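Structure first, then comments.
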Number of protein chains: 2
Amino acid sequence: MLKLNPHLSVDCVIFGFDGQNLKALLTKRNIPDPENANKFITDYKLPGDFITDEEDLQTAANRILKELTGLTNIFLKQLWVFGSPRRINKERDINWLRETTGLPIERVVTIAYYSLIKIAESQQENANINNALWIKVEEISELAFDHFEILQRGLKTLRTRLQIEPVGFELLPRQFTLRQLQNLYEVILGRELDNRNFRKKILKAEYLVATDDKEKEVAHKPARLFMFDKDIYEKSEMRDLGFQF
Amino acid sequence: MLKLNPHLSVDCVIFGFDGQNLKALLTKRNIPDPENANKFITDYKLPGDFITDEEDLQTAANRILKELTGLTNIFLKQLWVFGSPRRINKERDINWLRETTGLPIERVVTIAYYSLIKIAESQQENANINNALWIKVEEISELAFDHFEILQRGLKTLRTRLQIEPVGFELLPRQFTLRQLQNLYEVILGRELDNRNFRKKILKAEYLVATDDKEKEVAHKPARLFMFDKDIYEKSEMRDLGFQF
DNA sequence: GCAAAAGTGTTGTTTATACACCCATGT
DNA sequence: ACATGGGTGTATAAACAACACTTTTGC
């Protein structure tokens, strides 16, 4: 068991995309119902943990991700620090922390990270063990602590980054159709895009490479599959320009 | 005297502009010379401090700014968290911290902020008392701790923000000429801009308002003075578009 | 053969870039 | 009268936005 530092935590906004919806991986929490002594209320929080004194912040975030998804080596970036002295202010949140960690919780400063995951590659059994669930972002309305605020900031940052660097590929399978890519842009940006203009623009990026494969078993003209070539991207001049849809 | 939390600090990258050069406000440090027992070496660090358990992070950063410049209510924004367990690794840095604070320093996670100041309004006597100096950013080559890295990130962020929101005005006097504004853009972006195109573009922003005043006592055609109107900016639709030079 | 989504081009409008001369002031 | 930086316009190229029909597959 790791020795945790009760002053500092890491919380992760973990985004995934199922082809249609943007989702976040949340962990379920059971807390005593203040009105019914023997009942419990279920609510949700962002995956997070205190850090140990020996580990890097990013390492702590990676540890959490590994536990929940089985994945390593995925997109993970610092988002924001939430450090208000009163950010943990609900009694049930304080109690829950004290009970589950056994630590003397007072003020906690949390460093939020956001991560982009290929849902299909994440191992569902890890999530189940840890009581985690993929939930559509649009359906999330409240969370424990200040986690809803953290999620909103994650969304805003994702939206901004998407227009600057090709982060979308982190959320798609290794091979994908342009329609999937466009759906992803649309759901993150929250508006429809003209599909001719979208293709014209995105295909100018040489790091988006066409494969010879096509969709199979679809009841319509099968779409060509594309891949993202990270090497080409890292060498390209477009790196700092990005797209503006 | 405030009771400080030795796990968490705030460091500030404080930018200023003197009409020609981009500068940062650094604090001078005198540390014993390991080679000459009775001599001291001078080096520089970013202004920073540990936080108290009761104060917000931003409040701590504001406290530091107030001490050094006498200014309140200035542009101040979270930059990045530096949390490597080994980020304080030079012996002279550890010793200096222990001696000046009297605290048991082990690992320190620091939240970096960046701030934009009108140098002319900052009170030099406060800086003097605290051993602080404005130094040209281009002349800074090394700093204590990992502060050089923090400064570099501050610069990069400033460059990016400048193209997204009109932060430049925070660095200029209340009234300024378009030439001063262009100089500022040029020095931050690190390249020359065509002055006709610059004017055309920047004047499209309705929050840049012309005054009836002109430069005085200059040996050439006096330039018109402009002001930044924050109210108009906050109401304008351009807010999220910004400029692209 | 029909339903369903893939894929493709053109035109008008806006925005970016490149470039050179006259103007108002102080000395 | 001259030195200094302020201030202005136009033409060309590039990017963006709007818009509709044909193609390929499974059933």
Side-chain angles (χ1 to χ4, degrees), chain A residues 18-20 162-164 166 172-173 175-187 189-206 208-227 236-245, chain B residues 18-21 162-164 166 172-173 175-187 189-206 208-227 236-238 240-245:
Chain A
D18 65 5
Q20 226 57 48
L162 189 68
Q163 316 220 40
I164 297 174
L172 291 171
Q175 295 197 131
F176 50 85
T177 67
L178 291 184
R179 168 56 54 180
Q180 286 175 292
L181 186 60
Q182 188 180 335
N183 285 347
L184 177 60
Y185 272 81
E186 290 181 336
V187 72
L189 299 179
R191 64 194 152 94
E192 297 206 335
L193 302 172
D194 178 276
N195 89 321
R196 280 178 283 195
N197 294 336
F198 178 83
R199 283 159 171 266
K200 229 181 298 170
K201 193 177 236 178
I202 203 101
L203 285 171
K204 276 195 281 188
E206 66 272 38
L208 183 63
V209 298
T211 69
D212 293 332
D213 298 333
K214 292 189 172 163
E215 268 185 315
K216 279 176 186 142
E217 296 163 14
V218 285
H220 56 80
K221 177 170 174 180
R224 157 163 264 166
L225 293 169
F226 288 79
M227 289 178 68
S236 84
E237 295 305 309
M238 275 186 100
R239 261 203 329 287
D240 290 302
L241 297 167
F243 299 102
Q244 222 107 99
F245 287 107
Chain B
D18 65 5
Q20 228 56 50
N21 295 290
L162 190 67
Q163 318 221 42
I164 297 174
L172 292 171
Q175 295 197 128
F176 49 86
T177 67
L178 291 184
R179 169 54 57 181
Q180 285 175 292
L181 186 59
Q182 186 180 336
N183 284 348
L184 177 61
Y185 272 81
E186 289 181 335
V187 73
L189 299 178
R191 64 195 151 93
E192 297 205 336
L193 302 172
D194 179 276
N195 92 320
R196 280 179 283 194
N197 294 335
F198 178 82
R199 283 160 172 267
K200 229 181 300 170
K201 194 178 234 178
I202 205 101
L203 285 171
K204 276 193 283 189
E206 67 272 40
L208 184 64
V209 299
T211 70
D212 293 332
D213 298 333
K214 293 191 172 165
E215 268 184 314
K216 279 174 187 141
E217 296 163 13
V218 286
H220 55 79
K221 176 172 175 180
R224 156 162 267 169
L225 293 170
F226 288 80
M227 288 178 67
S236 83
E237 295 304 310
M238 276 185 99
D240 289 303
L241 296 166
F243 299 103
Q244 223 106 99
F245 288 107

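Here the structure is a predicted model, which means the values were calculated and not measured. Below, chain A is the first sequence line, B the second, and so on; all start at residue 1.
Taking the side chain as every heavy atom from C-beta outward, A:I202 and A:Y185 approach each other to under 4.5 Å. With contacts defined as side-chain heavy-atom distances shorter than 4.5 Å, the pair B:R179/B:N195 qualifies. Within the 4.5 Å cutoff, side-chain heavy atoms of A:R224 are placed close to those of A:D212.
Here the nucleotide nearest the side chain of B:P222, chosen from D:dG7, C:dA4, C:dT25, is C:dT25. For A:R179, whose side chain is taken as the heavy atoms from C-beta onward, the closest listed nucleotide among C:dA6, D:dG6, C:dT8 is C:dA6.
Whole-Å rounding puts the B:E215 CD to D:dG5 C1' distance at 9 Å. Residue A:E217 contributes atom CD, which lies 17 Å from atom P of C:dA5 at whole-angstrom precision. Going from atom CD of B:E192 over to atom P of C:dA18 covers 13 Å, rounded to whole Å. At whole-Å resolution of the value, CG in A:L193 and C1' in D:dA15 are 16 Å apart. For B:F176 and D:dG6, the CZ to P distance is 15 Å, given to the nearest whole Å. Atom NZ in A:K214 sits about 18 Å away from atom P in C:dA5, given to the nearest Å. Here the P atom of nucleotide C:dT8 and the CG atom of A:L203 are 8 Å apart, to the nearest Å. Nucleotide D:dG7 holds its C1' atom 16 Å from the CD1 atom of B:I202, rounded to whole Å.
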Check your understanding: Between A:N183 and A:E186, does a side-chain contact (heavy atoms from CB on, under 4.5 Å) hold up when you go through it step by step?
Key -> CA-CA 5 Å; A:N183 285 347; A:E186 290 181 336; 4.0 Å; yes

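A close approach under 4.0 Å does occur between a side-chain nitrogen or oxygen of B:R199 and OP1 or OP2 of D:dG7.
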Within the sub-3.5 Å range, which N or O atoms of nucleotides 9-16 of chain C have a protein N or O partner, and how far apart are they?
| from | atom 1 | to | atom 2 | distance (Å) |
| --- | --- | --- | --- | --- |
| C:dT10 | O4 | A:K200 | NZ | 3.1 |

Using atom types as modelled, flag every donor-acceptor pair under 3.5 Å from a side chain in residues 213-221 of chain B to any protein atom, sequence neighbours excluded.
| from | atom 1 | to | atom 2 | distance (Å) |
| --- | --- | --- | --- | --- |
| B:E215 | OE1 | B:A223 | N | 2.9 |

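Atom CD of A:Q175 is surrounded by more than 12 heavy atoms from other residues, nucleotides or ligands within 6.0 Å.
Both A:A219 and B:N195 lie close to DNA chain D; mapped to their nearest nucleotides by heavy-atom distance, the more 5′-ward contact belongs to B:N195. A residue-by-residue look at A:H220 and A:L178 shows that A:H220 has its nearest nucleotide of DNA chain C further toward the 5' end.
Partners of B:D18 under the salt bridge (Lys or Arg N to Asp or Glu O under 4.0 Å) rule, at least two apart in sequence or in another chain, are B:K23.
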